[in-house]
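Read the structure below first, then the notes.
Chain A is the first sequence line, chain B the second, and so forth, proteins listed ahead of strands; every chain is numbered from 1. All figures in this text were calculated on a predicted structure; none of them were measured in a lab. Every heavy atom of this structure was used, including side-chain atoms; hydrogens, water molecules and symmetry mates were not.
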2 protein chains.
Amino acid sequence: MEDHLARYVERVAHFWEAQGVPRIAGRILGYLMVCEPPYRSATELARELQVSKGSVSSMTRLLLASGSIEVLPRPGERATDFQLSPDSLEKKLLRRLEETVAFRAIADEGLDLLADAPAAQRERLTAIRDLYAFLEQELAGLMDRWRESRS
Amino acid sequence: MEDHLARYVERVAHFWEAQGVPRIAGRILGYLMVCEPPYRSATELARELQVSKGSVSSMTRLLLASGSIEVLPRPGERATDFQLSPDSLEKKLLRRLEETVAFRAIADEGLDLLADAPAAQRERLTAIRDLYAFLEQELAGLMDRWRESRS
DNA sequence: CAGTTGGTTCAGTAACCACTGAACCAACGG
DNA sequence: CCGTTGGTTCAGTGGTTACTGAACCAACTG
């Protein structure tokens, strides 16, 4: 890989590492952003990023699970190629929406628990519940607008 | 602490633990959601959550840094009390907005790097840049609407 | 000033995690 | 049916992290 590309890959990897993503996973993402053609097999990734095949195997599994990459279906090919997933945003938004719904449920549960507690105590939980309800609505709207802009 | 409250605290802690938050930090958040009055000192937290003072010290530091809790200013008091931060959402949104801006910058950098690359190669990066620009705009709008609804 | 109380710091630990390299498991090609 | 090639699994490692308990620091109180 050319030097300026390698530096760019490292830059992307560093960004993701700061968000808690393993370094090698970040490198894979960075490389798949700029390589030509836009897909690579596990073996190629290992060779070009200079990391072990084992790492590539577990990191691609991780990135597949998080929806960041996907396998490029190539019938009849020996190797399976990976590429950036075009709808990774949608998957992540959906996950976040689910988390939001889950926490709103927890807040509601808390309100049940404090059903006959003084109003002041319930107020705090109510505010939290409303906050997550707000987020829930906003996320849904955001996803709609995203889908609309894609079509 | 009563048994049903303790169970609820554990439930909240479990939710946050699934998002990568240390267990004890999650317990603190859970407890501060339901305790009366809505604030507690480090010593109280240690006693009531049955954890070491050292853990409370580092976890409150963590939660303060992330903006999830804040110290309740109580002039003349010996102990410093912590409570849930009312504007933790705003802080987190702001942080996410900054991340989004940062990554859009990285995408732009990539486009500079591939200034004279074939159009197909640049297209991928352009899509990513546009995606983060979209998110940037949406986050800003979301924050506006949140602030509006609070006032 | 001594004793008490609230909090931080720090050494020590147990668990976890990213990563490597080697062994292993297909599937295909001569 | 062997040899090769693409990929997964797994033991071992170096490093990090959440947590405890003890030592320590600082402020107020009698």
Side-chain angles (χ1 to χ4, degrees), chain A residues 6 9-10 12-32 35 37 39-66 68-83, chain B residues 6 9-10 12-32 35 37 39-66 68-83:
Chain A
V9 167
E10 215 52 40
V12 175
H14 179 259
F15 174 87
W16 286 117
E17 201 173 8
Q19 330 282 321
V21 178
R23 184 175 305 179
I24 293 186
R27 289 214 194 113
I28 293 175
L29 292 176
Y31 188 48
L32 289 180
C35 66
Y39 47 83
R40 284 292 187 276
S41 72
T43 310
E44 290 166 342
L45 288 173
R47 185 179 57 245
E48 286 152 11
L49 298 176
Q50 319 223 48
V51 298
S52 72
K53 289 201 302 171
S55 287
V56 172
S57 180
S58 43
M59 288 305 116
T60 48
R61 184 147 31 91
L62 184 81
L63 292 171
L64 283 171
S66 79
S68 301
I69 65 173
E70 57 186 28
V71 304
L72 187 65
R74 290 159 62 79
E77 282 292 322
R78 184 82 169 72
T80 69
D81 285 326
F82 301 100
Q83 65 177 0
Chain B
V9 167
E10 216 51 41
V12 175
H14 178 258
F15 174 88
W16 287 115
E17 202 173 9
Q19 329 282 320
V21 177
R23 185 174 306 180
I24 292 186
R27 289 214 194 115
I28 293 176
L29 291 176
Y31 188 47
L32 289 179
C35 66
Y39 46 83
R40 284 293 187 275
S41 72
T43 310
E44 289 165 343
L45 287 173
R47 185 179 57 245
E48 285 153 10
L49 298 177
Q50 319 224 46
V51 297
S52 72
K53 289 201 302 171
S55 287
V56 171
S57 180
S58 43
M59 288 305 115
T60 48
R61 184 147 32 89
L62 183 82
L63 291 171
L64 283 172
S66 78
S68 301
I69 64 172
E70 57 186 27
V71 304
L72 187 65
R74 289 160 64 81
E77 281 291 322
R78 184 84 170 72
T80 70
D81 285 325
F82 301 100
Q83 65 178 359

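- For the pair B:Gln19 CD and D:dA18 C1', the computed distance is 18 Å after rounding to whole Å.
- When the P atom of C:dC19 is taken as reference, atom CG of A:Leu63 falls 11 Å away, rounded to whole Å.
- Separation of atoms OG (B:Ser52) and CE (B:Met59) is listed at 9.5 Å; rounding is to 0.5 Å.
- Residue B:Gln50 qualifies as open at atom CD: its count of foreign heavy atoms under 6.0 Å is 12 or below.
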Legend entry - Per-nucleotide protein contact string for nucleotides 4-9 of chain C, where B marks a base within reach and S marks sugar-phosphate only (heavy atoms under 4.0 Å, - for neither): -BSBBB
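- With rounding to the nearest 0.5 Å, the separation of CG in A:Leu29 from OG in A:Ser66 is 7.5 Å.
- Atom CZ in A:Arg74 sits about 15 Å away from atom P in C:dC28, given to the nearest Å.
- B:Arg23 places its CZ atom 7 Å from the P atom of D:dC19, with the value rounded to the nearest Å.
- Using a 4.5 Å heavy-atom cutoff, the side chains of A:Glu44 and A:Asp81 are in contact.
- At a threshold of 4.5 Å between non-hydrogen side-chain atoms, the residues A:Ile69 and A:Leu64 count as touching.
- In plain terms, the two heavy atoms of B:Arg40 and B:Cys35 that are nearest each other are NH2-CB, 3.7 Å.
- Rounded to whole Å, atom P of C:dG21 lies 12 Å from atom CD of A:Gln50.
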